[in-house]
Amino acid sequence: MKRSNAKAGWKVISWSLALVVPGLFLLSSLSAAGQPPAGDGEATFKAKCAMCHGQDGSGDSAMGKRMKVKDLRSAEVQKQSDAELADIIAKGKSPMMAYGKQLDKEKIDQVVAFLRELAKKK
């Protein structure tokens, strides 16, 4: 009789695991789906910067033209150090607002890395 109960117990445990493990995997996948991958400065750039600087960083957008923003791919911008660009993003530079309270250092560094990539595509 004990052996029969033990078998039944293992069946319940195995069925429970068969249902719970895939469910946990699905939930973790769904929660991560809305977040950009780590190291993705492009997603942050598109969400925060592209409205003025354009998708390609050229500043060729209605808002960018109105505010006379610089082409982020230009030699003038690209000659600045990563630290200088990060400082501008964090503290702002007229007419650009500061993003230091919205973006942590890692996100800002990712955007700077993406700006370097934009210059290579010019």
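From a predicted model like this one, the values you see are computed outputs, not experimental measurements.
No donor-acceptor pair under 3.5 Å is formed between the side chain of S58 and the backbone N or O of D71. Looking only at distances, no side-chain donor or acceptor of E42 sits under 3.5 Å from a matching main-chain atom of Q110. A distance-only check finds no donor-acceptor pair linking the side chain of Y99 to the backbone of C49 [under 3.5 Å].
Looking only at side-chain heavy atoms (C-beta outward), I88 and Q80 come within less than 4.5 Å of each other. For the pair M67/M96, no side-chain contact is recorded, criterion being any heavy-atom separation below 4.5 Å from C-beta on. Between L85 and R116 there is a side-chain heavy-atom pair separated by less than 4.5 Å.
M63 approaches C52 most closely through the heavy-atom pair CG-SG, 3.3 Å. Considering every non-hydrogen atom in both V112 and A86, the closest pair reads CG2-N, 3.8 Å. Residues A98 and A90 come closest through the heavy atom pair CB-O, 3.2 Å.
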Could you give me the CA-CA distance, side-chain angles and deciding distance for L118 and F45, then say whether side-chain contact (heavy atoms from CB on, under 4.5 Å) is met?
CA-CA 11 Å; L118 284 176; F45 180 87; 4.0 Å; yes
>> Using the rule given for salt bridge (Lys or Arg N to Asp or Glu O under 4.0 Å), can you reason through D56 versus R73, listing the C-alpha separation, both sets of side-chain angles and the distance that settles it, and then say yes or no?
In response: CA-CA 8 Å; D56 62 356; R73 306 165 306 168; 3.7 Å; yes
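Here the CG atom belonging to D82 is positioned 9.0 Å from the CG atom belonging to L115, to the nearest 0.5 angstrom. Interatomic distance, I108 CD1 to Q102 CD, rounded to the nearest 0.5 Å: 9.5 Å. Residue K46 holds its NZ atom at 8.5 Å from CG of D40, rounded to the nearest 0.5 Å.
Counting non-hydrogen atoms of neighbouring residues, nucleotides and ligands closer than 6.0 angstrom, the CE atom of M97 exceeds 12 such neighbours.
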